[in-house]
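Since the structure comes first, as structure tokens, the remarks are kept for the end.
Below, each value reflects all heavy atoms present in this structure, side chains not excepted, and no hydrogens, waters or symmetry copies. Remember, it's a predicted structure, so these values are computed and weren't measured experimentally.
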Amino acid sequence: MPGCGEAAARPALRVAYLNSRYPSLSHTFIEREIRALRFRGIEVHPCSVRPPGAHDLLGGRNREAAAETYTLFEGKVRLLRHAALAAARHPWRFLRTQLAAQALAPPGAKARAKHAWYALEAARLARELARRGVRHVHVHMANNGAAVGLLASVFDPALGYSLTIHGSEEFFNIESVRLRQKTAPARFVRCVSEFTRSQVMAWTPTAAWQRYHVVRCGIDLAEFPLAPLASGDELRLLVVARLDPIKGLTVLFEACRLLQDSGVRWRLEVVGDGPMRGEFENAAARAGIAAQVAFTGAVAAERIREHLERAHV
């Protein structure tokens, strides 16, 4: 990460980073990863299927990231104009991409319509990356961003495609996510854990397994310090997460209640926001711990350090 030594001088490798929405407040690890790659001398071109929401622009880093990000969908009229140009100049490529999009789509009219739009976005992405001289696109997570990245490589076979699988959402419904179809053609698949790799392997052809690599998510510990815990201190706990069922906050609340029953003095701060906030607040009340739980809401990535410095765990 930046600050950990001198960057090596080397010819720049150009790569596009595509995400379904970038920057995103809940995906600050992608912004950090892009900074780390650039520190290593890699030229990264961030792209996004959709523009960020207002809450995604909290903090200077995310606003800077948004300013340099190429957004594919900025309205149907503009996207259709780009699609018409792509179809006129590359009719066979355009048809091939639409056919591939329909083959990728799960059953159902709604899914097929969405994938027809993904093909339009893919054509726009492929043409823009060719204009920039970028010959590889990497995608985080097997969502619609992966569909667009894969289809862009269909539109332009000279464009390489790869992706990072985090789990566990990709494993909830393998068929609707199209995990097999999105991973098997990739030049490589980065899996964030051995478990993630095993799940991807279980659903894909053995011939593709050699292209699956475990590369864990890391952080600069010097950038994220925790407060020392002295004897007799109130235990200060911190969770930074999107307020979504997959984060399992109700399990954390039960653990905190056990601390309380054991006579441990503690306080929990929840940093983040999302559709489940009201339900999580009610869950803390039902567990009898509402007085010790503070819901701070979403904060800019740069301010997370302040919260960590006050926390013990």
Side-chain angles (χ1 to χ4, degrees), residues 19-33 48 50-66 140-141 143 166-170 172 192 217-313:
N19 296 284
S20 58
R21 189 179 69 208
Y22 180 82
S24 170
L25 193 61
S26 63
H27 294 154
T28 54
F29 59 88
I30 299 176
E31 188 272 334
R32 289 200 304 268
E33 186 171 307
S48 178
R50 298 289 188 274
H55 67 286
D56 295 313
L57 301 179
L58 289 174
R61 284 180 181 172
N62 275 18
R63 287 194 292 272
E64 290 172 7
H140 270 269
M141 291 162 283
N143 51 23
H166 292 262
S168 54
E169 286 188 61
E170 288 96 339
F172 289 164
V192 301
C217 295
I219 60 170
D220 185 348
L221 293 177
E223 190 177 346
F224 297 96
L226 292 172
L229 178 61
S231 177
D233 279 356
E234 179 182 67
L235 182 65
R236 294 192 295 275
L237 310 171
L238 171 70
V239 59
V240 182
R242 184 174 74 252
L243 301 188
D244 187 89
I246 196 173
K247 300 302 181 181
L249 285 186
T250 53
V251 179
L252 175 61
F253 295 160
E254 287 301 312
C256 289
R257 186 182 58 78
L258 293 176
L259 282 179
Q260 184 166 283
D261 293 345
S262 301
V264 177
R265 294 171 53 244
W266 61 273
R267 187 166 296 277
L268 170 66
E269 182 183 18
V270 179
V271 172
D273 217 332
M276 297 285 291
R277 176 166 180 166
E279 189 166 331
F280 285 142
E281 289 174 337
N282 291 335
R286 288 195 301 271
I289 60 172
Q292 289 110 300
V293 180
F295 288 85
T296 304
V299 303
E302 296 94 316
R303 290 189 51 214
I304 297 299
R305 181 183 180 122
E306 302 169 17
H307 297 267
L308 282 164
E309 287 176 341
R310 296 194 294 267
H312 301 120
V313 178

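The side-chain contact (heavy atoms from CB on, under 4.5 Å) test with Val313 is passed by exactly one of Leu238, Leu237, Val239: Leu237.
The stretch residues 287-296 participates, sequence neighbours left out, in no salt bridge (charged side-chain N to carboxylate O under 4.0 Å, His left out) pair at all. Applying the salt bridge (charged side-chain N to carboxylate O under 4.0 Å, His left out) definition to pairs two or more places apart or across chains, those involving residues 304-313 are Arg303-Glu306, Arg305-Glu309.
For Arg242, the salt bridge (Lys or Arg N to Asp or Glu O under 4.0 Å) test picks out Glu169, with sequence neighbours left out. By the side chain to side chain contact (heavy atoms under 4.5 Å, CB included) test, Arg50 pairs with Phe73, Glu121, sequence neighbours left out. Residues passing the side-chain hydrogen bond (donor to acceptor under 3.5 Å, both in side chains) test with Thr296 are Glu269, sequence neighbours excluded. In terms of the side-chain hydrogen bond (donor to acceptor under 3.5 Å, both in side chains) criterion, residue partners of Gln260 (sequence neighbours excluded) are, by chain and number, Gln292. Among residues two or more places apart in sequence or in another chain, the side chain to side chain contact (heavy atoms under 4.5 Å, CB included) test is passed with Arg277 by Leu243, Asp273, Glu281, Phe295. For Asp233, the side chain to side chain contact (heavy atoms under 4.5 Å, CB included) criterion is met by Leu229, Ala230, His312, not counting sequence neighbours. Residues satisfying the ring pair (Phe, Tyr, Trp, His ring centres under 6.0 Å) test with His27, not counting sequence neighbours, are Phe29. For Glu279, the salt bridge (Lys or Arg N to Asp or Glu O under 4.0 Å) test picks out no residue, with sequence neighbours left out.
Here the closest heavy-atom approach between residue Ser20 and residue Ser48 is recorded as O-OG, 3.7 Å. When all heavy atoms of His166 and Cys217 are compared, the closest pair comes out as CE1-SG, 3.9 Å. Nearest heavy-atom pair, Pro23 versus Pro52, reported as atom, atom and distance to 0.1 Å: O-CB, 3.3 Å. Of all heavy-atom pairs spanning Trp266 and Leu259, the tightest one is CD1-CB, 3.9 Å.
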Give the table of side-chain donor-acceptor pairs shorter than 3.5 Å for residues 246-256, with sequence neighbours excluded, one pair per line with atom names and distance.
| from | atom 1 | to | atom 2 | distance (Å) |
| --- | --- | --- | --- | --- |
| Glu254 | OE1 | Arg257 | NE | 3.2 |
| Glu254 | OE1 | Arg257 | NH2 | 3.0 |

Under 3.5 Å, which donor-acceptor pairs do the side chains of residues 53-61 form with other protein atoms, sequence neighbours left out?
| from | atom 1 | to | atom 2 | distance (Å) |
| --- | --- | --- | --- | --- |
| Asp56 | OD1 | Leu25 | N | 2.9 |
| Asp56 | OD2 | Arg21 | NE | 3.0 |
| Asp56 | OD2 | Gly53 | N | 2.8 |

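Side chains of Phe280 and Val270 form no contact here, defined as non-hydrogen atoms less than 4.5 Å apart.
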